[in-house]
Amino acid sequence: MRILYGKLKFRLRRFLDHFTLSLQRVSNALMGRKPVHFLHIGKTGGTALKYAIKGHSKSKDYFIKGHLHQFHLDNVPKGEKFFFCIRDPKDRFTSAFYARMREDKPRFYLPWNQGEAQAFSIFKTPNELAEALSSSDDKLRSSAKDAMSTIGHIRESYWKWFRNETYFMERMPDLVHVCHLETIKDDLEVLKEKLSLSENLQLPGKGINSHSSPETLDKTLSPLALANLRSWYARDYEFLKLLENKNLIKRKAA
């Protein structure tokens, strides 16, 4: 019943997302504003950024639409602008582990699927899961791989939002900016300037509106865990390297 409730709630949110976007397109087109899409990659600081933009999402030229995680670059019509946030995959992994362990509460509530329930019955910290990816115990290693492929956010590569390098490069003329969680305050200032947004935009502090994990959690990753994660997320690190090579992010995320 809990899982069914979570799925129905998600479908309703997705319907409302598309419905409100359609209404916004009409009203803002009449005022000469063009849409700018925020692609919300899970556990990259997007919730905090959407909270900051809420209520200040319009300028004389643009209106910003913050989407659900299931809205990808494929869904953005060619010629319409977009931006997104990234972070180091190992930090995204750690944040995602604890977010799903608490079923995304308190800001949201999405019950565990069967695979997540099994994963969290075995692994109690991100380090335990990451180290188990190279365990000599076949059963434990298999359970770790299942968990990595099942737990929300952890299972999702950056490429899920951008299809592949060729498609991403085709869409680069529409890209406004790439935000990095490590420099999110500076990136928000860049967005204000590029999109002529209100100077009153501010990021929320730590707490429910930022959807961040408590500082007291054990986020330590051993050298073995780090090596395993670099291997597991090799394609994501390649994506960040592409962004570096195109001067879209200023610092290495690895």
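Taking 4.0 Å as the cut-off between side-chain N and carboxylate O, Lys241 and Glu238 do not count as a salt-bridged pair.
In terms of modelled atom types and a separation under 3.5 Å, the side chain of Thr94 and the main chain of Lys90 share a donor-acceptor contact. In this structure, the side chain of Thr125 engages the main chain of Glu128 through a donor-acceptor pair within 3.5 Å.
Residues Arg235 and Trp159 approach most closely at O-NE1, 3.1 Å, considering heavy atoms. Among all heavy-atom pairs drawn from Arg100 and Gly152, the shortest one is CG-O, 3.4 Å.
Between the side chains of His56 and Asn200, no donor-acceptor pair is found at a separation under 3.5 Å.
To the nearest 0.5 angstrom, Leu191 atom CG is 6.5 Å from Leu49 atom CG. Interatomic distance, CZ of Arg33 versus CG of Asp61, reported as 9.5 Å (0.5 Å rounding). With values rounded to the nearest 0.5 angstrom, Arg141 atom CZ is found 11.5 Å from Asp146 atom CG. Separation of atoms NE2 (His67) and NE2 (His40) is listed at 12.0 Å; rounding is to 0.5 Å.
With sequence neighbours left out, Phe120 forms a ring-ring contact (aromatic ring centres under 6.0 Å, His included) with Phe97, Trp112. In this view, Leu175 and Phe82, Phe84, Phe168, Val178, Leu248 satisfy the side-chain contact (heavy atoms from CB on, under 4.5 Å) rule, not counting sequence neighbours. Residues meeting the side-chain contact (heavy atoms from CB on, under 4.5 Å) test with Ser121, sequence neighbours left out: Gln118. Residues satisfying the side-chain contact (heavy atoms from CB on, under 4.5 Å) criterion with Ser222, sequence neighbours excluded, are Asn127, Glu131, Leu224, Ala225.
Heavy-atom contacts from other residues, nucleotides or ligands closer than 6.0 Å to CD of Gln202 number 12 or fewer.
A cation-pi arrangement, defined by a distance under 6.0 Å to the six-membered ring centre and an angle within 45 degrees of its axis, is present between Arg92 and Tyr158.
Listed by first then second residue, pairs satisfying salt bridge (charged side-chain N to carboxylate O under 4.0 Å, His left out) with a partner in residues 117-127 number zero, not counting sequence neighbours. Residue pairs meeting the salt bridge (charged side-chain N to carboxylate O under 4.0 Å, His left out) criterion with at least one member in residues 152-163, sequence neighbours excluded: Asp74-Arg163, Glu156-Lys160.
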